[in-house]
2 protein chains.
Amino acid sequence: MSSKSGADSSRRTRRGVTSVDVAAVAGVSQATVGRVFSSPEKVSPATRDKVQDAAARLGYVPNVIARSLKSQRTNIIGAVVPAFGEYWQSVLTEFSRQLATKDRQLLLFSFAEPGDVDGVLASVAQYRLDGLVLASATIGQDQLIQMRESDRPVVAFNHPAATGIVPSVSVDNEAGMARLAMHLIDTGAREILYVGGVSSASTDQTRYRGASRTLGEHGVACTYLEAGAFTYEAGYKVAQHIVERQSVPDAVMVSSDEVAFGVHDGLRAAGVQVPADLLLTGFDGLSQSAWAGFDLTTLVQATDVLVARAIEILLADDRPPESDPVSVVVSGTIRYGKTTAKRHD
Amino acid sequence: MSSKSGADSSRRTRRGVTSVDVAAVAGVSQATVGRVFSSPEKVSPATRDKVQDAAARLGYVPNVIARSLKSQRTNIIGAVVPAFGEYWQSVLTEFSRQLATKDRQLLLFSFAEPGDVDGVLASVAQYRLDGLVLASATIGQDQLIQMRESDRPVVAFNHPAATGIVPSVSVDNEAGMARLAMHLIDTGAREILYVGGVSSASTDQTRYRGASRTLGEHGVACTYLEAGAFTYEAGYKVAQHIVERQSVPDAVMVSSDEVAFGVHDGLRAAGVQVPADLLLTGFDGLSQSAWAGFDLTTLVQATDVLVARAIEILLADDRPPESDPVSVVVSGTIRYGKTTAKRHD
DNA sequence: ATGTTCAATGACTACGTAAGCATTGAATCC
DNA sequence: GGATTCAATGCTTACGTAGTCATTGAACAT
């Protein structure tokens with residue numbers, strides 16, 4: 001309010017008010033100032049007030065960097081996440097949200113190409129983070145093994161291939177897709193096309209397994225087609241291939257909602273009606289899947305639960321033996337939309 | 001590959017290999033090890049190899065925390081961002097992506113309620129970040145003034161009300177909305193309804209001003225209606241109010257794409273055809289606006305440019321005088337979708 | 001041969017905090 | 001009243017690095 005609250009006691013403009021400065025003003029030792037901010041109950045009310053007063057006057061803010069160096073904990077969780085994709089964005093914000101309630105922050109390490117992961121992991125190692133989330137289904141085995149060697153808690157998020165290597169949290173990809181397949185069978189589908197995103201992603205493989213196994217058991221044909229990316233555009237383009245096929249299937253199962261949206265719109269653009277001509281399912285349960293324009297049948301991941309479990313693992317006091325990492329699987333819920341509404345044959 | 005590369009030279013298991021340890025093994029001083037990692041050109045090739053060899057053998061990783069404490073720079077940029085909203089998610093990932101190319105990381109501070117901002121800013125202050133992005137149009141004046149006092153670079157992202165207080169980067173909200181308004185006038189609209197998100201958001205106000213001024217100048221009626229949130233659901237619900245009004249407008253201008261999507265679907269659910277019965281525009285240029293289901297006419301923000309400019313400001317060597325903060329305004333591009341396709345009256 | 005220069009390296013210290021240990025003094029006990 | 005106890009506080013050090021300054025010795029000029 002007044003003009004530039006500088007020139008307090010010494011000539012330090014404003015940069016770097018330390019606990020030592022506060023101690024000097026309050027007439028106590030640096031140790032006592034530190035105690036006021038970390039374990040106030042150990043300080044008598046009188047001095048506590050004195051210190052807090054002085055701190056407020058000087059505009060003292062504890063330096064987390066120094067604290068981290070000394071205490072060996074940063075209160076920061078790192079997240080290695082693909083730079084693109086609706087799904088990962090939603091996971092990310094959920095992490096940030098939940099961590100904020102636990103006074104932890106999220107440090108983002110995004111990568112555009114799977115090949116960039118190595119560099120990112122090297123960069124991650126320099127920060128002594130309290131924990132690390134590996135949120136990508138394309139991180140390789142060797143990289144996972146390398147991370148297991150780390151002395152910091154790590155958790156793989158929705159990366160089935162990481163199970164058994166590092167602690168993991170996943171939705172039940174296989175069972176979820178199997179249930180969607182059952183639903184299609186019940187609805188009368190007899191020839192199904194499965195559209196994957198990127199076949200090297202472990203989620204893609206696991207989900208496809210869930211579909212093909214169930215469909216096979218019920219004598220329903222199932223062909224795999226790769227969109228090439230987990231994007232709307234990839235789905236839109238692959239829709240062309242679908243309509244140009246010899247035999248048009250009864251239903252299309254897509255391994256992710258975002259791709260499914262593209263398939264949906266691409267099919268419509270090609271004159272194929274969903275669900276009249278073709279049933280369609282997605283996976284993930286993105287918020288957009290409930291939008292009226294899509295109303296997509298999909299498997300809804302309880303992202304909040306998944307994230308909560310992942311955080312539990314990271315912040316757990318007792319480190320589980322690295323020989324047998326925990327693996328949490330959360331089952332999803334099917335959302336029945338109009339893209340699989342029963343046909344009137 | 002071998003069994004647990006521990007028991008190297010001393011009994012230190014794996015935690016905390018320091019430059020001192022490396023120095024001991026390499027037979028040089030700690031200072032030289034430091035030089036190898038920060039300014040290698042100052043070290044002779046021979047010693048450099050020795051050190052790098054020892055470092056690799058011990059698995060030495062520089063400690064960024066300690067480095068930050070000493071050098072007073074963290075290489076981390078903080079971002080204060082709302083926890084919800086497609087737009088902010090896209091901005092966030094863009095920041096992360098671009099910062100990664102400059103060897104900077106993004107530390108996320110998300111908040112769910114505008115009231116949480118104070119707490120978040122207090123938390124932010126503890127980290128001695130190299131810069132801070134304030135990405136929210138609901139941060140108050142007093143909080144902005146408080147941030148200006150900070151000794152660290154700050155930039156407000158798309159927060160018109162911050163202009164003149166702290167350095168800012170924004171899309172040209174007013175002109176953009178004005179151009180959309182002109183487009184509607186050209187298309188024949190004579191009565192327009194403006195749907196805002198949250199009227200206290202400075203973007204909302206500025207955008208509305210752009211619309212109402214232009215419409216007023218051309219004698220076109222314009223009413224403001226508040227959706228109450230920048231969400232699909234809010235838009236969907238407000239669509240009911242629109243159809244229930246005495247006089248149904250020719251066009252609806254929505255202050256954000258995400259809300260516009262909801263309005264779009266809500267109108268359709270109510271039996272109103274877009275664009276046959278009603279024209280519709282959005283703002284932001286989210287990727288979904290181009291999706292076939294919407295094909296929304298909207299103002300596309302060059303998010304990559306905006307983010308690039310923001311980063312420039314944060315990482316600039318010379319700090320501009322705090323009395324006259326820079327203000328960058330980037331103009332947007334109109335994307336003409338079918339929601340304003342000319343009607344055949 | 002001696003002085004000069006400069007690259008290469010080492011010794012030392014500060015960054016701001018927290019934790020262990022030492023010290024003080026008042027309250028309590030017998 | 002003297003010994004005991006314990007809360008409150010101070011003193012000291014370590015966390016791991018980078019920058020400052022000092023030192024060394026080889027290459028070069030005169």
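None of the values given here were measured: they were computed from a predicted structure. Each chain gets a letter, A, B and so on, in the order the sequences are listed, and its residues count up from 1.
- OP1 or OP2 of D/dA14 has not a single side-chain nitrogen or oxygen of A/Q72 nearer than 4.0 Å.
- A donor-acceptor pair under 3.5 Å is formed between the side chain of B/Q143 and the backbone N or O of B/G140.
- Judged by distance alone with a 3.5 Å cut-off, no donor-acceptor contact links the side chain of A/K42 to the base of D/dA8.
- To the nearest angstrom, P of D/dA8 lies 14 Å from CG of A/D49.
- The only option from A/I311, A/V307, A/L306 that meets the side-chain contact (heavy atoms from CB on, under 4.5 Å) definition with A/E94 turns out to be A/V307.
- Listed by residue number, the members of residues 30-38 of chain B with any heavy atom below 4.0 angstrom from DNA chain C are B/Q30, B/A31, B/T32, B/R35.
- Checking the phosphate oxygens (OP1, OP2) of C/dG16, no side-chain nitrogen or oxygen of A/S19 falls inside 4.0 Å.
- A straight line from NZ of B/K70 to P of C/dG16 spans 9 Å, rounded to a whole angstrom.
- Pairing each heavy atom of B/P82 with each of B/A135, the nearest pair is CD-O, 2.9 Å.
- Considering only side-chain N and O atoms, B/S68 lies nowhere under 4.0 angstrom from the phosphate OP1 or OP2 of D/dT17.
- Partner of A/T74 under the side-chain contact (heavy atoms from CB on, under 4.5 Å) criterion, chosen from A/D130, A/I65, A/L69, A/V64: A/D130.
- Nearest-nucleotide mapping onto DNA chain C: of B/S44 and A/V64, the residue sitting toward the 5' end is B/S44.
- Per the geometry, CG belonging to A/N75 stands 14 Å off C1' belonging to C/dT17, to the nearest Å.
- Taking 4.0 angstrom as the limit, B/S29 places a side-chain polar atom (N or O) nearer than this to OP1 or OP2 of C/dG10.
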Distances under 3.5 Å between protein N/O atoms and the N/O atoms of nucleotides 24-27 of chain D, please, pair by pair.
none

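- Using a 4.5 Å heavy-atom threshold, the side chains of B/T203 and B/H159 count as separate.
- As a whole-Å value, the separation of A/R67 CZ from C/dA19 P is 9 Å.
- Note: CD1 (B/I65) to C1' (C/dG16) measures 13 Å, nearest angstrom.
- Closest approach of A/L106 and B/L107 over heavy atoms only: O-CD1, 3.3 Å.
- Dashed line: the shortest gap from a side-chain N or O of B/Y60 to OP1 or OP2 of D/dT17 is under 4.0 Å.
- The closest side-chain donor-acceptor pair between A/S96 and B/S110 falls under 3.5 angstrom.
- Donor-acceptor pairing under 3.5 Å is lacking for the side chains of B/Q126 and A/N63.
- Taking atom CZ of residue A/R73 and atom P of nucleotide D/dC15, one finds them 18 Å apart after rounding to whole Å.
- Judged by distance alone, the side chains of A/Y87 and A/N158 do bring a donor and an acceptor atom under 3.5 Å apart.
- Using a 3.5 Å distance cut-off with no hydrogens or angles, the side chains of B/S170 and B/S168 do not pair a donor with an acceptor.
- Considering only side-chain N and O atoms, A/T47 lies under 4.0 angstrom from the phosphate OP1 or OP2 of D/dT9.
- Within the helix from C/dA1-D/dT30 to C/dC30-D/dG1, the inter-axis angle between the opening and closing five-pair segments is 40°, rounded to 10°.
- Closest non-hydrogen pair, B/Y127 versus A/I76, comes out as CE2-CD1, 3.5 Å.
- The distance between atom CG of A/L69 and atom C1' of D/dA18, rounded to the nearest whole Å, is 13 Å.
- Here the shortest heavy-atom pairing between A/K102 and A/L315 reads CD-CD1, 3.8 Å.
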